[in-house]
Number of protein chains: 4
Amino acid sequence: MGRPSNKSERRAEIVQAMMQVMAVRGYEGASIQAIAKQAGLAPGLIHYHFKTKQDILLGSVTQLSNVLKGRYLSLSENAETSEDKLKAFITARLSKGEGASQQAVVAWVMIGSEAVRQPEVKAAYLEALREQKALLEDLLQDYFDTFLKKGKLNKKELNSKVAFVMAFMEGAFSLSITAQEIMPNSWAADELLSKLKI
Amino acid sequence: MGRPSNKSERRAEIVQAMMQVMAVRGYEGASIQAIAKQAGLAPGLIHYHFKTKQDILLGSVTQLSNVLKGRYLSLSENAETSEDKLKAFITARLSKGEGASQQAVVAWVMIGSEAVRQPEVKAAYLEALREQKALLEDLLQDYFDTFLKKGKLNKKELNSKVAFVMAFMEGAFSLSITAQEIMPNSWAADELLSKLKI
Amino acid sequence: MGRPSNKSERRAEIVQAMMQVMAVRGYEGASIQAIAKQAGLAPGLIHYHFKTKQDILLGSVTQLSNVLKGRYLSLSENAETSEDKLKAFITARLSKGEGASQQAVVAWVMIGSEAVRQPEVKAAYLEALREQKALLEDLLQDYFDTFLKKGKLNKKELNSKVAFVMAFMEGAFSLSITAQEIMPNSWAADELLSKLKI
Amino acid sequence: MGRPSNKSERRAEIVQAMMQVMAVRGYEGASIQAIAKQAGLAPGLIHYHFKTKQDILLGSVTQLSNVLKGRYLSLSENAETSEDKLKAFITARLSKGEGASQQAVVAWVMIGSEAVRQPEVKAAYLEALREQKALLEDLLQDYFDTFLKKGKLNKKELNSKVAFVMAFMEGAFSLSITAQEIMPNSWAADELLSKLKI
DNA sequence: TATGAATGAGTATTCATTCAT
DNA sequence: GATGAATGAATACTCATTCAT
């Protein structure tokens with residue numbers, strides 16, 4: 001029967017290693033050799049588990065997306081009001097509790113950059129963004145339910161709020177990487193929420 | 001006597017060419033060969049005018065920074081109220097009137113990515129951001145002058161607003177590049193201003 | 001499991017190939033491509049085994065140094081008197097019995113030239129020279145033991161003899177490469193020894 | 001009629017500049033750009049005065065050769081005995097009175113290295129060596145005149161002495177450049193002469 | 001004569017990917 | 001599954017030489 005497969009763990013290790021290297025050297029700097037070294041594996045093994053380097057990057061999109069989903073679910077578990085859920089969503093993305101977060105943030109920004117020239121990366125990146133946007137839309141719809149029903153807020157205005165939050169979060173990521181010196185250390189969900197108020 | 005110098009024009013051409021190529025292929029993809037081809041120059045000439053590839057990138061930071069300054073100055077020329085000036089600032093960055101804008105935006109985001117691994121790029125990027133932040137601070141201080149004097153707004157809250165605007169603008173750039181499909185085509189200065197209201 | 005390592009053989013092959021090419025084209029002329037071709041290897045492989053071109057040169061310093069040591073040991077094996085040992089030392093360096101010698105000599109001279117501008121090469125070159133000098137010192141000390149004890153030769157004069165032999169040998173190398181036409185084909189150890197006599 | 005020609009001074013300046021740069025960076029490192037900078041001239045001008053880079057090197061062979069000749073003539077002016085003349089020859093080459101000497105020595109060694117791969121350089125180098133050898137031969141012949149006539153020294157032995165001196169001087173040059181740490185600071189002509197005694 | 005821009009071939013080095021074991 | 005050697009194309013950068021002024 002041979003030894004038991006460990007494909008999925010190895011793949012996760014490799015994706016993890018790439019993100020670690022990318023956090024310091026960027027995507028181009030994250031050579032297969034460097035990733036292998038970081039993961040404690042032989043270079044040849046990387047391509048046994050991933051067809052191309054791009055595939056590892058795509059794997060990291062998936063993993064990052066899953067982590068965010070997981071964090072939101074865990075944070076919203078006890079949320080009851082629509083506001084709590086919205087806060088859970090924002091906190092899941094903006095808080096930098098864990099040490100791994102920094103790497104994740106850099107990786108996310110790098111993915112955004114690579115999306116410029118790698119169509120497949122762009123597709124995966126967009127897909128992840130769409131998912132987040134869909135969730136945010138639902139949450140905001142609930143949050144502004146009353147206003148919507150009263151006609152004090154129309155669909156277009158809601159969309160604008162959605163886009164607004166998305167952009168802010170993306171920018172907070174970008175700046176937190178290289179411009180932390182001139183940015184506040186942390187953003188409170190409350191603060192962002194207050195800007196959305198009507 | 002001798003051949004007249006054309007260094008500054010050539011340098012500008014090269015920086016321009018790099019931004020054009022980067023807009024499609026990213027920084028790594030913007031090879032010296034590709035830049036030379038885009039500029040219609042011999043590859044060797046690039047290094048006659050710029051010591052390293054990084055220097056071209058640094059040149060583009062300066063150029064982008066200058067363009068933004070120029071746009072703000074031109075837009076704020078007839079601005080009288082502090083609100084008009086603030087709008088001029090935001091419009092200068094968010095409007096995508098000219099065709100060159102898209103390239104500029106991509107270049108700016110690429111610079112942010114490269115800042116992760118190139119200390120010199122980070123320094124230049126931060127310097128440009130600091131300048132913008134300083135201007136924005138002044139503008140917001142004027143804009144909220146009354147509140148500040150009345151004590152309804154403190155320094156920390158003002159700083160938060162500054163950071164907030166900076167992050168939003170940066171994120172709007174990032175998303176406009178690869179995720180324009182899911183983002184609104186344009187952002188009105190009024191819209192952003194409304195979020196800042198007290 | 002896995003492919004067996006062959007690093008040390010490959011490294012030796014590459015060093016050998018560099019010396020062969022250098023013997024004809026000099027250090028600069030010994031391009032990585034040329035070395036690879038001479039060794040029958042792919043260019044990329046050279047850098048898999050040596051980080052830089054300089055490292056190959058440093059490898060050749062070590063190799064040459066070892067060859068000389070080996071030759072001396074083999075020649076002095078049956079030497080009993082201090083004079084025989086001294087002759088063994090000189091012969092080990094000046095005789096050109098083997099075919100490989102010519103390459104070795106050229107390589108050695110090239111290393112001396114490169115030492116001018118490559119500090120690391122200079123260090124390695126000096127280290128090798130120091131070792132040889134130390135050995136020569138011992139040998140001459142034994143050879144002139146009687147005179148030293150009688151006070152007919154002082155330390156400074158001994159040092160002068162050491163330096164004298166070193167210089168002569170180095171010069172014989174240099175001239176044997178390009179000026180063999182005007183130099184004698186071979187130098188006898190006896191001849192050199194006679195100049196040292198008191 | 002135009003301005004007066006200054007070809008020969010310019011040529012000398014350029015040769016001088018090349019030797020200065022070579023003393024630090026070697027022949028390959030002595031780029032035309034670097035030579036031009038050192039000479040305070042525009043790069044293009046170098047090729048107006050010298051067809052190729054090699055020509056400058058050949059020019060330096062000539063110049064070095066002339067300097068040595070000049071030094072010998074000046075030192076031997078008041079020499080009366082054959083021994084004095086021989087000392088003048090040796091001193092002309094080994095003394096390092098002037099500051100320019102170091103550069104000259106390095107240049108000479110570099111020329112020897114380049115002779116390996118540049119036939120034209122080899123020819124010029126050999127020619128210069130031959131000239132020196134011829135002079136040395138004459139001097140030694142005079143010096144050992146009595147022995148030769150008495151048959152206590154034959155032609156072959158004389159030649160050996162000539163070659164011996166040539167080799168020693170060349171080696172003293174080589175080692176003085178990079179191995180001055182392990183070599184004596186200066187060589188006295190007397191010292192060398194004593195080795196030649198019969 | 002002189003200047004400095006322009007050319008294009010050449011170089012060391014990196015690296016994703018493949019292959020032999 | 002795993003190892004590590006091997007491949008070859010691509011890249012930034014250098015530089016002798018030429019050219020326009």
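A, B, ... follow the sequence lines: proteins, then strands. Residue 1 opens every chain. Everything numeric in this text was worked out from a predicted model, so none of it was measured.
Remark: the separation of the P atoms in F:dT21 and E:dT1 is 23 Å, to the nearest Å.
Residues B:Q63 and B:Q16 have side chains in contact (heavy-atom distance under 4.5 Å, counting atoms from C-beta outward).
When base pairs are accepted only as Watson-Crick or G-U wobble with both N-N or N-O distances under 3.5 Å, DNA chain F takes part in stems of 3 or more pairs at E:2-21 with F:2-21.
Near DNA chain F, meaning a heavy atom under 4.0 Å from it, residues 43-56 of chain A has A:G44, A:L45, A:Y48, A:H49 in order of number. Within residues 19-34 of chain B, no residue places a heavy atom under 4.0 Å from DNA chain E.
Partners of A:Q54 under the side chain to side chain contact (heavy atoms under 4.5 Å, CB included) rule, at least two apart in sequence or in another chain, are A:Y27, A:T52, A:L58, A:Q118, A:E120, A:V121. For A:Y125, the ring-ring contact (aromatic ring centres under 6.0 Å, His included) partners are A:W108, not counting sequence neighbours. Shown here are the side-chain hydrogen bond (donor to acceptor under 3.5 Å, both in side chains) partners of D:S113, two or more places apart in sequence or in another chain: C:S113. Applying the side chain to side chain contact (heavy atoms under 4.5 Å, CB included) criterion to A:A179, with sequence neighbours excluded, gives A:L175, A:I182, B:L126, B:L129. Considering only residues two or more places apart in sequence or on other chains, A:S60 meets the side chain to side chain contact (heavy atoms under 4.5 Å, CB included) condition with A:V15, A:M19, A:L57, A:I111.
Sequence neighbours left out, not one pair with a member in residues 31-51 of chain A passes salt bridge (Lys or Arg N to Asp or Glu O under 4.0 Å).
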Only pairs under 3.5 Å count here: list side-chain donor-acceptor contacts from residues 28-35 of chain D, not counting sequence neighbours, and write none if there are none.
unit_1, atom_1, unit_2, atom_2, d
D:E28, OE2, D:R117, NH2, 2.1
D:S31, OG, D:A34, N, 3.1

Output a table of donor-acceptor pairs, distance under 3.5 Å, between side-chain atoms of residues 4-13 of chain B and any protein atom two or more places apart or on a different chain; print 'none' if there are none.
unit_1, atom_1, unit_2, atom_2, d
B:S5, OG, B:K7, N, 3.4
B:R10, NH1, B:E13, OE1, 2.9
B:R10, NH1, B:E13, OE2, 3.1
B:R11, NH1, B:H49, O, 2.8

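Taking atom CD on D:E13 and atom P on E:dT1, their separation rounds to 12 Å, with Å as the unit. Rounded to an integer number of Å, the gap from D:I35 CD1 to F:dT14 P is 17 Å.
Residue D:A42 has its side chain nearest to E:dG4 when only E:dG4, F:dA6, F:dT21 are considered.
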### Message
Is there a side-chain contact (heavy atoms from CB on, under 4.5 Å) between B:I46 and B:I56? Walk through the geometry before answering.
### Response
CA-CA 9 Å; B:I46 307 289; B:I56 317 178; 3.7 Å; yes
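Between B:N6 and F:dT21 there is no side-chain N or O to OP1 or OP2 distance below 4.0 Å.
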